[in-house]
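Every value quoted in this text rests on a predicted model; they were computed, and no experiment measured them.
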Number of protein chains: 2
Amino acid sequence: MIPTFITRNKQIILYGIALAFLIILLKWLELRFIIMDRQMDIYVGLIAVVFTGLGIWLALKLRKPKIHTVIVEKEVFTTNNQDFIVNENELRKLNLSKRELEVLQLMAGGLSNQEIADKLFVSLNTVKTHSAQIFEKMEVKRRTQAVEMAKRLSIIP
Amino acid sequence: MIPTFITRNKQIILYGIALAFLIILLKWLELRFIIMDRQMDIYVGLIAVVFTGLGIWLALKLRKPKIHTVIVEKEVFTTNNQDFIVNENELRKLNLSKRELEVLQLMAGGLSNQEIADKLFVSLNTVKTHSAQIFEKMEVKRRTQAVEMAKRLSIIP
DNA sequence: ATCAAAATCACCCTAAAGTATGACTTTAAA
DNA sequence: TTTAAAGTCATACTTTAGGGTGATTTTGAT
C-alpha cells in the first residue's frame, strides 16, 4: 500500500528532523552550561528523560496498531430465503438416487403420483416404486412426512 | 481488573529496576572514562540511544492494544426456526376456523387423518369433514398442496 | 331467544396412495 | 467384462384420502 509507505517515510523524516533538533539543543546546552562534574548528573538525566520521551513517541507513532479484531457474529434472518442452500450432508446420509430426489421434489410441490408420472414421462407404477423407496430410505410412512422431513433437513426449499 | 493492575505495576517496577541499573552503568562509565570534551559527544549519544530504546520498550509494553471491532454479518440457518411469525393477513384471508387450522397444522406435521382424529379426540369422519373444508377454502385438491401453500403463505412454520 | 356458523359424526362411494413381489433394461463402477 | 445399483414397469392388494350428502349439537353474536 502506497499511502502507508508515505506515512511511514514521513515519520522517519520527522524523526530525523527531531533528532537533528535535539543534537542542536544538546550542543547549545553544552555551550551554555560549562559542564562540571556535579552538573553532569543533571545533564545526563535530562538527556535520558528527553530520549526516553522520544522513544515513547517514536514507538507510538511508528508502530502498527495492534488490531485486536473482535468478530461479532450477527444473525441475519432471511424472511424469504430465496438463496436456499441444499444440505448436502443430510442429503448424502439419506442415500437417495437422482430419480428418487426428483420424485421427492415434485412430491413437495404437492403433486400427485399421476402428475409426477406425467411430468417425468414414466408410468404411475414407477413413481409408486420410487416413492416406496423414498419412504423406506427416509424411514417415514407417508409422503407428507417425507416432505416435512426433507424441508426440516434442508434438502428441499 | 486486578490482574491488569498487577501486570502494570510489574512493568513499572521493572522500569524502575532498569532505570536504576542504567544509572549505575552511567556512573561506572563516568568513572571509567574521564569524560573530556571530545568524548562527551559519544557518551551523550550512547545515553540517548539507550534511553530511546528504553522509551520504545516502555511504550510497546505499556500501551493498550487498539481494539478494532469488526462486525461480521453472518447468515445463520436456523434448522428450527423457532421465531416463526404467522402471517395473520393471509390467515384471515383464508377464513379458516380454529379447528380447521388445528387440523391443517397437524396435516403439515405429516399426520394421517386417523392420527389427527386420535390427537383431537374426534372421529375420523370429523377430520375428513374439516379437511374437505380446508381444501375448499384454500382452493386446493390435496393435503400436500394445502401444506405447501400454508408454508408458502407463512401460516405454518 | 333466535339464528348462523362452527363443530361434530355417519354412510357411501371413488380416487389416490401405499405395500409386496417379480421381472426386465440401463448404467456406472470394480 | 462382470456385477451391483438404478431405473423401469406390471399385477394384485390394502389402506388412506377425498367427495357428496345429510344430520345433530354447540357456540357466539344480534
Next on the checklist: Between B:T144 and A:V147, is there a side-chain heavy-atom distance shorter than 4.5 Å?
Outcome noted: no
Next on the checklist: Hydrophobic clusters here meaning ILVMFWY residues chained together by side-chain heavy-atom distances under 4.5 Å, can you tell me if A:F135 and A:L124 are in one?
Outcome noted: no
Checklist outcome for this item: Looking only at heavy atoms, the pair that brings A:L104 and A:I134 closest together is N-CD1, 3.9 Å
Next on the checklist: Do the side chains of B:R152 and B:E148 get close enough for a salt bridge, i.e. N-O under 4.0 angstrom?
Outcome noted: yes
Checklist outcome for this item: All heavy atoms of A:H130 vs all of A:V103, minimum pair found to be CB-CG2, 3.9 Å
Item to check | A:R142 CZ - D:dA17 C1' separation (whole Å) | outcome: 11 Å
Next on the checklist: Under a 4.0 Å threshold between the charged nitrogen and the carboxylate oxygen, would A:K141 count as salt-bridged to B:E115?
Outcome noted: no
Next on the checklist: Looking at every non-hydrogen atom in both residues, tell me the closest pair between A:A108 and A:I156 and how far apart they are.
Outcome noted: CB-CD1, 3.2 Å
Checklist entry - Between B:K128 (side chain) and B:N113 (backbone), is there a donor-acceptor pair under 3.5 Å? => result no
Checklist entry - Shortest non-hydrogen contact from B:L111 to A:R142? => result C-NE, 4.1 Å
Checklist outcome for this item: On a heavy-atom basis, the closest approach of A:M107 and A:S131 is CE-CB, 3.2 Å
Checklist entry - Does any residue of residues 129-139 of chain B have a heavy atom under 4.0 Å from DNA chain C, and if so, which ones, in number order? => result B:T129, B:H130
Item to check | Stretch residues 95-119 of chain A: residues that reach within less than 4.0 Å of DNA chain D through a heavy atom | outcome: A:S97, A:K98, A:R99
Checklist entry - Heavy-atom contacts under 4.0 Å between residues 120-128 of chain A and DNA chain C, which residues? => result A:K128
